[in-house]
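The sequence lines fix the lettering, A, B, ..., with proteins before strands; numbering per chain opens at 1.
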Number of protein chains: 2
Amino acid sequence: MTDTPSCSHCAPPCCSLDVSGAEQERLVMMFKALGNPIRFEILKFLVTHPGCITGDIVDTLPLAQATVSQHLKVLREAGWISGITEGPARCYCLNAENIAWFREQIVQIMG
Amino acid sequence: MTDTPSCSHCAPPCCSLDVSGAEQERLVMMFKALGNPIRFEILKFLVTHPGCITGDIVDTLPLAQATVSQHLKVLREAGWISGITEGPARCYCLNAENIAWFREQIVQIMG
DNA sequence: TACGTTTATCGTATTTATACGATAAATCAT
DNA sequence: ATGATTTATCGTATAAATACGATAAACGTA
């Protein structure tokens with residue numbers, strides 16, 4: 001690999017992408033989780049229906065309950081949402097703290 | 001599905017996620033492309049090596065040339081990078097316009 | 001205790017993503 | 001033209017994601 005760029009058609013960097021280690025892993029995980037149209041829709045639904053239960057989400061999607069439960073798990077483990085047990089059901093909300101963290105990271109590394 | 005939330009443990013929405021249609025599709029595509037550690041590394045490398053060619057990127061990764069070429073295609077089609085033919089090689093840069101668009105979208109819908 | 005309700009998990013089928021070697025395409029230099 | 005260099009694409013093998021039905025787990029209620 002050469003140290004000098006092979007061409008000069010590129011503008012100076014528009015962003016730093018200054019992140020690494022565990023933070024980068026976490027960021028990639030969040031990117032991956034939202035890189036799916038179903039999961040993006042679920043997140044959108046939770047904005048207008050905070051505190052809804054799994055069944056409510058299942059009813060809005062053309063998917064089996066087991067599949068939706070898996071998607072919710074991915075979103076939970078990535079930190080986009082959090083679920084609180086409420087009797088036999090599970091109440092889902094956006095994870096405001098992590099969403100804010102993600103936004104700040106994007107602003108910083110792509111700003 | 002019930003119209004009233006089944007629990008009340010959730011704070012008011014921390015974001016709007018106000019996006020839909022083609023813009024949402026594009027956003028999901030960009031999320032998906034960066035939801036892979038190799039592609040994230042490639043993007044980071046391009047910050048410090050603007051205008052490098054495919055071979056330079058291949059040399060920094062423990063992957064075959066064909067594989068890297070595929071990853072570059074994903075990043076290109078998602079709009080994160082752009083490649084300009086320069087002789088027999090291909091000079092890669094960050095796509096500043098699209099990166100800025102992504103950042104603005106995140107700030108808006110998650111702000 | 002037994003039953004209805006709700007959700008997660010298991011096992012599995014299918015699709016998609018990832019990876020590689022081999023080859024083709026494009027360009028430059030000889 | 002021939003050969004060297006660089007990259008993309010093809011074919012294919014393997015790994016991971018996605019989907020489903022069936023079942024188990026947890027809870028409230030009769």
Tell me whether the OP1 or OP2 atom of [N] has a side-chain N or O from [X] closer than 4.0 Å.
X       : N      : value
A:Thr67 : D:dT18 : no
B:Arg90 : D:dA8  : yes
B:Tyr92 : D:dA8  : yes
A:Lys32 : D:dA17 : yes

Separation of [X] atom [atom1] from [N] atom [atom2], in whole Å?
X       : N      : atom1 : atom2 : result
B:Gln70 : D:dT9  : CD    : P     : 10 Å
B:Ile38 : C:dT18 : CD1   : C1'   : 10 Å
A:Glu86 : D:dA26 : CD    : P     : 18 Å
B:Asn36 : D:dA16 : CG    : P     : 12 Å
A:Leu63 : C:dT7  : CG    : C1'   : 16 Å

Nucleotide nearest [X] when distance is taken to its side chain, options [options]:
X       : options               : answer
B:Ala66 : C:dT6, C:dC20, C:dA8  : C:dC20
A:Arg76 : C:dA8, D:dT7, C:dG21  : C:dA8
A:Thr54 : C:dC20, C:dT7, D:dG21 : C:dT7

Just checking, any donor-acceptor pair under 3.5 angstrom between side chains of A:Arg76 and A:Asn95?
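Judged by distance alone, the side chains do not pair up.
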
Aromatic ring centroids of A:Phe31 and A:Phe102 under 6.0 Å?
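Yes - the distance between ring centres of A:Phe31 and A:Phe102 falls below the 6.0 Å cut-off.
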
Looking at every strand, decide which applies to B:Ser69 at a 4.0 Å heavy-atom threshold: base, sugar-phosphate, or nothing.
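Base contact - B:Ser69 has a heavy atom under 4.0 Å of at least one base atom.
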
